[in-house]
Amino acid sequence: MKQYDHLKIEGKWQKKWEKEGIYHAKEEGKSKKNKKYYSLVEFPYPSGEGLHVGHPRPYIGMDVVSRKKRMEGYNVLYPIGWDAFGLPTENYAIKTGQDPRVVTKKNTDNFRKQIKSIGISFDWSREINTTDPKYYKWTQWLFLQFLKNDLAYKAKMSINWCPSCKIGLANEEVVNGGCERCGTPVEKREKEQWMLAITKYADRLDKDLDEVDYLPQIKASQRNWIGKSEGAEIEFEIFGHQDKIKVFTTRPDTIFGATYLVLAPEHTLLGGLKDKIENWGEVEQYISKVKKKTEIERTSLDKTKTGIELKGVHAINPATSREIPVWIADYVLATYGTGSIMAVPGHDERDFEFATKYNLDIKYVIAEEAPEGTHPPQAGKPFVYRRAVECYVRNPKDGKFLLLEWKKNTNWKTPITGGIEESEDIVEASKREIYEETGYKNLKFIQHLGTPMHAKFYHPQKDENRIADFYGLFFELENEERDEVSEGEQSKHDVVWVEKDKVASFLTTSPTPFYKIGKNDLSYAKEGILVNSGKFNSLNSEEAKKEMVNFVGGKFKTTFKLRDWVFSRQRYWGEPIPVVHCEKCGIVPLPEKDLPLLLPKVKNYQPTESGESPLALIEKWVNTKCPKCKGPGKRETDTMPNWAGSSWYFLRYTDPKNAKAFADPKKIKYWTPVDWYNGGNEHTTLHLLYSRFWHKFLYDLKLVPTSEPYMKRTSHGLILAEGGEKMSKSKGNVINPNDIVGRYGADSFRLYMMFMGPFEQAIAWSESTIIGSRRFLERVWKIGQRDLSKIKTDPKLEKLLHKTIKKVGEDIENMRFNTAVSAMMVLVNEMDKSEINKSDYKKFLQILSPFAPHLADEMWNALGEKKSINISKWPEYDSKMIKDEEVKIAVQINGKVRAEILVSASDTEEEVKKKALLDENVKKYTEGKEIKKVIYIKGRLINILL
RNA sequence: GCCCAGGUGGCGGAAUUGGUAGACGCGAUAGACUCAAAAUCUAUUGAUGGCAACAUCAUGAGAGUUCGAUUCUCUCCCUGGGCACCA
């Protein structure tokens with residue numbers, strides 16, 4: 001073949017690979033010698049639209065990894081299947097009246113054909129489908145294990161109801177108060193729902209993240225979703241009543257500032273307090289108003305807090321022993337913590353907003369410790385005056401207080417005049433403090449800065465400079481001349497910081513308030529030093545938290561944002577929940593021998609108006625016998641969410657045809673945990689969390705050998721349309737990979753997908769750029785047509801080859817596919833110009849083969865190899881070849897590159913120095929000047945300072 | 001508002017224990033080949049000044065540390081993603 005013709009090559013090899021089954025993972029017994037490697041990609045939802053160019057990105061990425069691992073002698077499992085239950089198929093069925101089974105079959109056939117044309121080395125012999133009864137039998141079986149272990153329960157829940165999709169949604173599926181799919185505002189409905197108690201695993205799901213190798217942002221989003229927060233529960237007595245109000249807080253250190261309590265409108269205590277509440281009528285009205293609010297109203301951006309005081313009810317702050325009012329308000333959630341809070345408006349933004357609106361007490365109990373980085377107030381707006389502590393600076397030479405350098409905002413030039421006048425007693429009090437501290441009498445008040453001061457301090461112990469923005473009171477010594485510091489200039493004086501313990505004593509003994517509040521002012525929510533808190537004054541927040549909880553008799557407690565998982569869907573196209581409701585026996589699980597409980601055929605897939613699944617309409621199916629007492633029973637008509645099948649699918653791949661168990665324990669033990677799992681960013685919270693939860697549960701039942709399912713998790717970026725928008729059918733900008741494969745070839749497509757940019761990053765598709773990958777492959781082809789038998793490889797090229805082998809290998813492991821491709825391009829450009837022999841060329845083909853397997857196998861074959869390149873041994877590089885004997889180094893004069901010289905790698909610093917100084921260009925600069933210092937970085941550069 | 005990621009030529013992007021910024025690819029310009037076009041090959045391609053050698057400037061903005069900063073520190077701006085009354 002003279003010309004590179006992808007159409008002739010690619011189909012041929014794909015057929016051959018499939019026929020020989022070279023990508024089939026070996027049975028565990030037959031490959032004991034080889035280490036296993038389990039690489040996994042998220043199995044796709046086979047939509048009717050077919051594949052778009054975004055789908056194959058992760059498949060190709062992990063394909064490159066899997067192919068390399070195979071060549072390195074690993075027994076590789078790289079499987080694929082279909083996550084085929086779900087709404088789009090069901091909606092399509094409703095619209096067209098077609099059986100979802102038929103639609104699914106058609107879609108998966110199409111997907112399979114499309115994926116195969118890209119030459120991914122999936123083990124197709126292990127293909128699974130979540131809608132296959134042989135598969136969902138085990139999804140149902142797993143559900144029954146949850147039920148047996150009391151982790152599945154039915155509860156009356158206020159659920160999120162989408163009136164348009166007519167489906168209950170999990171909290172996770174509500175986006176900004178609307179339905180994740182259609183955006184319709186979600187309503188609340190009371191409904192019996194199946195729940196899975198994922199919260200029982202919350203702590204372990206958080207903690208065990210330490211054990212796994214996930215990308216940092218993936219760990220962060222898992223932790224964020226679990227929402228672990230450590231704090232305390234504290235009880236507040238109600239004056240003249242036996243009940244107590246228990247609150248959860250993460251800031252027990254602020255309790256002296258708790259000026260009122262708030263209960264959620266749904267709080268259970270309200271009934272018991274009814275007699276004491278003087279304005280019960282109003283309160284009742286308020287509660288019913290809140291209940292009517294839709295989710296979207298409650299979470300909308302311009303939410304204003306509303307509430308009502310429980311007149312006649314007073315709680316007692318256990319720290320101050322003072323009576324404080326009790327309110328109910330919609331900004332407190334019944335479902336988090338204890339459903340009630342202590343409000344500290346001085347140090348919590350939400351409480352502050354509420355207190356301001358209803359004119360409640362605001363008390364400040366935390367002083368800001370370090371005003372570094374404080375934002376400047378905006379011109380014309382009221383602001384907080386904070387007494388800064390760094391302003392007391394002292395010249396260590398003579399012990400005098402001075403302000404030595406300053407900046408206004410970021411320009412080094414504020415005149416110190418023109419500050420805001422401070423009231424006289426504050427100034428006097430501060431003067432007195434400094435006097436007591438230092439014995440220094442003749443202080444003159446300069447100003448209290450309204451704009452922040454940007455000053456530079458030197459810390460003699462730490463020997464470092466530090467820049468700080470701050471507000472503060474400033475003094476200088478009378479009759480002392482101040483340095484005039486112009487822009488950019490450094491002061492002559494040294495400055496020390498005030499030690500921390502002195503700061504604290506100053507703060508606590510000062511007779512003046514620490515904050516002056518303008519009318520639209522702020523709360524301070526960060527940690528700091530306690531003030532106005534009795535004997536706890538001058539402690540820092542961290543210490544105070546511990547002591548305060550003991551002081552008020554509270555209990556340390558950890559809470560989570562995570563809620564139990566709503567596991568019911570009132571839909572048709574999902575796994576039926578295998579239980580029977582019996583009037584005598586209650587909820588009875590179906591015996592194992594009756595699994596799978598088949599999804600019956602129906603005429604109409606439309607959910608019912610009452611919100612029941614369409615299954616509820618099939619009386620013949622619903623009415624059954626109770627498996628326990630054989631009396632009449634009714635089947636559960638809810639189905640499972642589509643997260644169910646995907647929570648354990650990777651286990652089924654290890655033994656996909658097993659009819660006796662979800663998988664043979666021996667096979668699970670051999671293959672799991674998954675070594676590397678790559679998927680989309682959109683699944684790094686929910687799917688990942690759910691499947692980790694299932695796995696931990698199975699681990700506790702001793703059904704799987706590890707507590708974590710995936711050792712390593714990465715994610716790939718989205719492929720966007722050419723304009724940078726998301727690809728979608730409605731915008732008509734979807735690109736079908738098969739068009740590209742037809743025109744440029746699967747290998748060019750694969751190479752381009754890997755080359756176009758960093759794998760984790762979203763990137764816009766660009767058709768014009770793919771030509772570069774095609775040209776590269778044509779060049780590879782052309783070089784292969786030379787007579788390679790006689791020629792010796794140029795030494796320079798040989799070195800480059802070994803460097804490239806090293807780099808490509810490392811880049812693949814680190815998912816830097818783009819730079820791996822670029823390194824191979826550099827190599828081929830060099831090959832074009834020089835001579836290469838057959839064996840070196842074959843090595844290059846081998847490192848190219850994970851990226852362009854068809855072309856590599858074709859040329860490998862043409863060079864006389866009988867077996868596929870994909871099962872050949874990954875080439876090793878010669879570490880001797882990688883070291884350069886001669887290196888080019890840069891010569892810098894005063895930090896600027898002025899020349900380049902060639903030196904031998906063995907040259908000493910002295911020799912290099914000599915060579916550098918002899919260089920003509922260098923001479924030009926050094927002539928007649930004194931050399932102060934020479935800095936030499938081996939193999940990189942030499943810097944000559946004049 | 002909070003958390004995470006990012007900001008480098010006309011474009012996608014390289015460059016991390018701080019050490020020659022712009023690898024590789026696309027596009028563009030000129031030339032070779034051709035009756036012509038495509039393809040291919042060769043050269044140039046960050047900006048400004050200069051006939052040139054070369055010089056100066058340049059990695060979102062400003063500052064700091066350093067002989068030397070895309071890389072480290074601080075402040076600010078912008079973009080993308082996630083969370084959002086979670087006490």
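Letters go in sequence order (proteins before strands), and every chain restarts at 1.
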Regarding the side chain of A:Thr769, the nearest nucleotide among B:C26, B:G12, B:C24 is B:C26
Side chains of A:Phe851 and A:Met824: closer than 4.5 Å at any heavy-atom pair? yes
A:Arg774 bridged to A:Glu778 by N-O distance under 4.0 Å: yes
5'-most contact on RNA chain B: A:Thr559 or A:Ala762, nearest heavy atom basis? A:Ala762
Nearest listed nucleotide, side chain of A:Pro758, among B:C83, B:A14, B:C26: B:A14
Consecutive-pair stems (3 or more, Watson-Crick or G-U, under 3.5 Å) for RNA chain B: B:1-7 with B:77-83, B:10-12 with B:24-26, B:27-32 with B:40-45, B:46-49 with B:54-57, B:60-64 with B:72-76
Closer than 4.0 angstrom, basic N to acidic O: yes or no for A:Lys545 and A:Glu230? no
Rounded to the nearest 0.5 Å, what separates atom OG1 in A:Thr769 from atom CZ in A:Phe755? 9.5 Å
Please tell me if A:Arg775 has a side-chain N or O lying less than 4.0 Å from either OP1 or OP2 of B:G25. no
Looking only at B:C67, B:A87, B:G19, the nucleotide nearest the A:Ile937 side chain is B:G19
Gap in Å between the two C1' atoms, one belonging to B:G80 and one to B:A30, rounded: 40 Å
Quick one: A:Gln217 CD to B:G6 P, roughly how many Å, whole number? 8 Å
Distance between C1' atoms of B:A47 and B:U59 (Å, rounded): 14 Å
Give a yes/no on whether any side-chain N or O of A:Ser766 is located under 4.0 angstrom from OP1 or OP2 of B:C26. no
May I ask you to verify if any side-chain N or O of A:Arg898 is less than 4.0 angstrom from the OP1 or OP2 atom of B:A55? yes
Close side-chain approach of A:Tyr752 to A:Tyr744, heavy-atom, < 4.5 Å: no
Look at A:Gln761 and B:G13 and indicate whether a side-chain polar atom (N or O) is within less than 4.0 Å of OP1 or OP2. yes
Rounded to whole Å, how long is the line connecting atom CZ of A:Phe755 with atom P of B:A23? 12 Å
Distance alone, cut at 3.5 Å: any donor-acceptor contact between the side chains of A:Asp747 and A:His6? no
So what does A:Thr249 touch, heavy atoms closer than 4.0 Å: a base, only the sugar-phosphate, or nothing? sugar-phosphate
When you check the glycosidic angle of B:G9, does it come out syn, meaning within 90° of 0, or anti? syn
Using the C1' atom as the point on both nucleotides, what is the distance between B:G12 and B:U17, in whole Å? 29 Å
Are A:Lys305 and A:Tyr331 in a cation-pi setup, meaning NZ or CZ lies under 6.0 angstrom from the ring centre and within 45 degrees of the ring axis? yes
Pairwise P distance for B:G19 and B:G68, with rounding to whole Å: 15 Å
A:Asn818 vs B:A14: side-chain N/O to OP1/OP2 distance below 4.0 Å: yes
Criterion side chain to side chain contact (heavy atoms under 4.5 Å, CB included) against A:Val344, the qualifying member of A:Ile255, A:Thr249, A:Thr254: A:Thr254
Distance check, P atoms only: B:U29 and B:U34, in whole angstrom units. 23 Å
Does a distance-only test, which skips hydrogens and angles, find a donor-acceptor pair under 3.5 Å between the side chain of A:Lys305 and the base of B:C85? yes
Are side-chain N/O atoms of A:Tyr4 and A:Ser748 paired as donor and acceptor at under 3.5 Å? no
Integer angstrom distance from the C1' of B:C77 to that of B:A28: 33 Å
Tell me which nucleotide among B:C67, B:G25, B:U40 gets nearest to the side chain of A:Asn829. B:G25
Atom CD1 of A:Ile901 and atom P of B:G19 are separated, to the nearest Å, by 19 Å
Under 4.0 Å between a side-chain N or O of A:Arg223 and OP1 or OP2 of B:C83? no
With a 4.5 Å limit on heavy-atom distance, are the side chains of A:Leu801 and A:Ile805 in contact? yes
Mind checking A:Ser229 for me? I need base, sugar-phosphate or nothing, with any heavy atom below 4.0 Å counting as a touch. sugar-phosphate
Need one value for A:Ile944: base, sugar-phosphate or nothing, where a base atom within 4.0 Å counts as base even if backbone is also close, heavy atoms only. nothing
Nearest-angstrom distance, P atom, B:G22 to B:A55: 16 Å
When you get a sec, tell me which of B:C67, B:U20, B:G12 is the closest nucleotide to the side chain of A:Val897? B:U20
Just call it for A:Lys933: base, sugar-phosphate, or nothing, with non-hydrogen atoms closer than 4.0 Å on any strand. nothing
The residue, A:Arg940 or A:Arg816, whose nearest nucleotide of RNA chain B is more 5′ is A:Arg816
Winner on side-chain proximity to A:Thr819, out of B:G19, B:A14, B:G27, is B:A14
Nucleotide of B:C26, B:C85, B:G25 approaching A:Tyr331 most closely (side-chain heavy atoms): B:C85
Please report the distance separating the P of B:A84 from the corresponding atom of B:C74, rounded so that it comes out in whole Å. 29 Å
